[in-house]
Amino acid sequence: MHTFTVWAPTASTVSLVLDSALEMRPGSGGWWELEVADAGHGTPYAFSVDGSEPMPDPRSAWQPSGVHGPSQVFDAGLHAWSDAGWAGRDVRGAVFYELHLGTFTLEGTLAAAAERLDHLVALGVEVVSLMPVAAFPGRHGWGYDGVDLYAVHEPYGGPGELQRFVDRCHAVGLAVCLDVVYNHLGPSGNYLGSFGPYFTSKHTTPWGPAVNLDDVGSSEVRRWICDNALRWYREFHLDALRLDAVHAFVDDSPQHLLQQLSVETAALSVELGRPLGLVAESDLNDPRTVEPVSDGGLGMTAQWSDDFHHALHVLLTGEKTGYYEDFAEPGAFAKTLTQVFFHDGSYSTFRGKNWGRPVDPSRQRGGAFLAYSSNHDQVGNRALGDRPALTPGQMAISAALVITSPYTPMLFMGEEWGASTPFLYFSDHTEPALADAVRVGRRREFAAYGWDAEEIPDPQDPATWRKSVLSWSEADESPHRELLGWYRELLAFRAGSAELRDDRLSSVEVSSGDSWLVIRRGGVCVVVNLAAEEAVVPAGGVPAYRVMSFGAATIVTDGVRIAGESVAIFAN
């Protein structure tokens, strides 16, 4: 027995399509329903609205035939969970590891990714952060053009495999964060507009019509989003959600969608008896994002901090084009290490106006902000999907600056061994016009920066995806092996150091010169030589015990003599 329901508020008739079309009964609030005695887990179905062709369920949990095929009933209660002893994890201060399932392994499945969990545990990871799994067109893609937000991409293994993956993560002590995209949907397989006012012409976004958060019918659309989020926690035992580009939400309602989601998540956290996190991606540089709803904030647990990334990237690479321009200013990295945002009301050359608001150290702690040297955007949105072109020493410095910061550290898959594989933008659209539009759009975007069209990899070429798949054999080869050992040593030291886990912004002191940095975290001192040649870094009063170093480092009268492009950590 299964009861089928669907929201179609303006429809005159709605039919449930099984072997034949069955007329559904109208209910209150624009909902339609029909109980079917012999339906259950695995039953394929679709809906026809006012005689339309059969369409997938807007709340479909299972799309085994792709985004254009019928939905299939999924009984989430069939999985026998083994994580009753999992107490959950507050994601603030935990070590994140962002991965894309389709390129993390050659198989590109949840099951294959689960076979690599021991590597993540040995590395010191605490939260596995999955890029979107919502069903999207084709086999290979980033997932930000998902259209069935309740479903799990079938090539990854489908919904049952996600439950098994989370269960296995919890068994080895790993929390799981899932990237969800509520600010827009992809064009292919998007049938939502045929059911009701899921979109509004009142606002627009960079991706087209805005999701309807404040127009007629928005209450049910907001319910569709919030129910989706709560379902990931409840039925899939997820620990956190990463909300894509929340700055793209256009919501003039009395209560912002993020506030509603925060309040409902907090209530479910109490009910389930474990912490549940909401991690926002926002380019607004606004601490209100992570301030409590009771204080007028949006109530997010944490947010990404691109300013930290940009300042670190410029510090190590010297790249100063595009949005990196302002971060070449002296002291930029030191500011982002101690005050979170570089643009905190200051003028942004890239945006052509003042941007951001300052973080108040008396109200905000570093754990509410994620710091990273790479992520899917900062690598994949480059023309050639290239990771930062750094020497092993510079990679070691980068790792040390992220991991010893007062922020919540995040690694991007493969960076721990200095992976040589790029992370390119790729897609798998079957509609020729859409495929060509993606291809042309990508080339046009980078032509503005002086790239020749022929230099830009074709997103639709399967080779583009294949080049992005991690080469795990590298991790056992020199110099990758040495870098991996450095990451493990750093993360182990962080885990055992109360001073490094202290996320008060006031706990960080920074001094710097043209090519050196000295960072103090209580009794821990991080000494960095950015120059290619050996130098004596003026670091008076360095603790006598050298915990670790990447490159030779010795305490001398005037400070620390340290090899070029090296980093050393000292402690009492």
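Quick caveat, the model's predicted, so the values are computed rather than measured.
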| query | Quick one: do Asp436 and Arg439 make a salt bridge, cutoff under 4.0 Å? | reply | yes
| said: Centroid separation under 6.0 Å, is that true for the rings of His313 and Phe327? | reply: no
| said: Could you check whether any side-chain heavy atom of Phe369 comes within less than 4.5 Å of a side-chain heavy atom of Val290, counting everything from C-beta outward? | reply: yes
| Any ion pair linking Arg92 and Asp90 (charged N to carboxylate O, less than 4.0 Å)? | yes
| task | Assert yes or no for the condition that the ring centre distance of Trp62 to Tyr45 is strictly below 6.0 Å. | result | no
| Side-chain heavy atoms of His140 within contact of Pro462, under 4.5 Å | no
| Stepwise side-chain hydrogen bond (donor to acceptor under 3.5 Å, both in side chains) test for Tyr323 and Asp306 | CA-CA 11 Å; Tyr323 49 69; Asp306 275 351; over 6 Å; no
| query | Strictly under 6.0 Å, is that where the ring centroids of Trp417 and Trp472 end up? | reply | yes
| task | Keeping to residues at least two apart or across chains, list the salt bridge (Lys or Arg N to Asp or Glu O under 4.0 Å) pairs with something in residues 115-129. | result | Arg89-Glu126, Glu115-Arg168
| Stepwise side chain to side chain contact (heavy atoms under 4.5 Å, CB included) test for Ser282 and Leu298 | CA-CA 12 Å; Ser282 172; Leu298 297 180; over 6 Å; no
| said: Counting C-beta onward and ignoring hydrogens, is there a side-chain heavy-atom pair between His343 and Asp307 closer than 4.5 Å? | reply: yes
| query | Do Tyr372 and Trp304 make the cut of ring centroids closer than 6.0 angstrom? | reply | yes
| task | Kindly state whether the ring of His310 and the ring of Phe350 have centres lying under 6.0 angstrom apart. | result | no
| request: Would you please test Phe47 and Leu16 for side chain to side chain contact (heavy atoms under 4.5 Å, CB included) and show each step? | output: CA-CA 5 Å; Phe47 295 118; Leu16 170 67; 3.8 Å; yes
| field | Step-by-step side chain to side chain contact (heavy atoms under 4.5 Å, CB included) determination, Trp232 to Tyr150 | value | CA-CA 9 Å; Trp232 293 122; Tyr150 281 67; 5.8 Å; no
| With ring centroids as reference points, do His376 and Tyr144 lie under 6.0 angstrom apart? | yes
| Are the ring centres of Trp86 and His170 closer than 6.0 Å? | yes
| task | With side chain to side chain contact (heavy atoms under 4.5 Å, CB included) as the test, would you mind laying out the steps for Leu312 and Ser398 before giving the verdict? | result | CA-CA 7 Å; Leu312 178 58; Ser398 178; 3.8 Å; yes
| said: Distance alone, cut at 3.5 Å: any donor-acceptor contact between the side chains of Glu474 and Ser420? | reply: yes
| field | Cationic N near anionic O, under 4.0 Å, Arg442 to Asp458 | value | no
| Do Tyr425 and Trp465 make the cut of ring centroids closer than 6.0 angstrom? | no
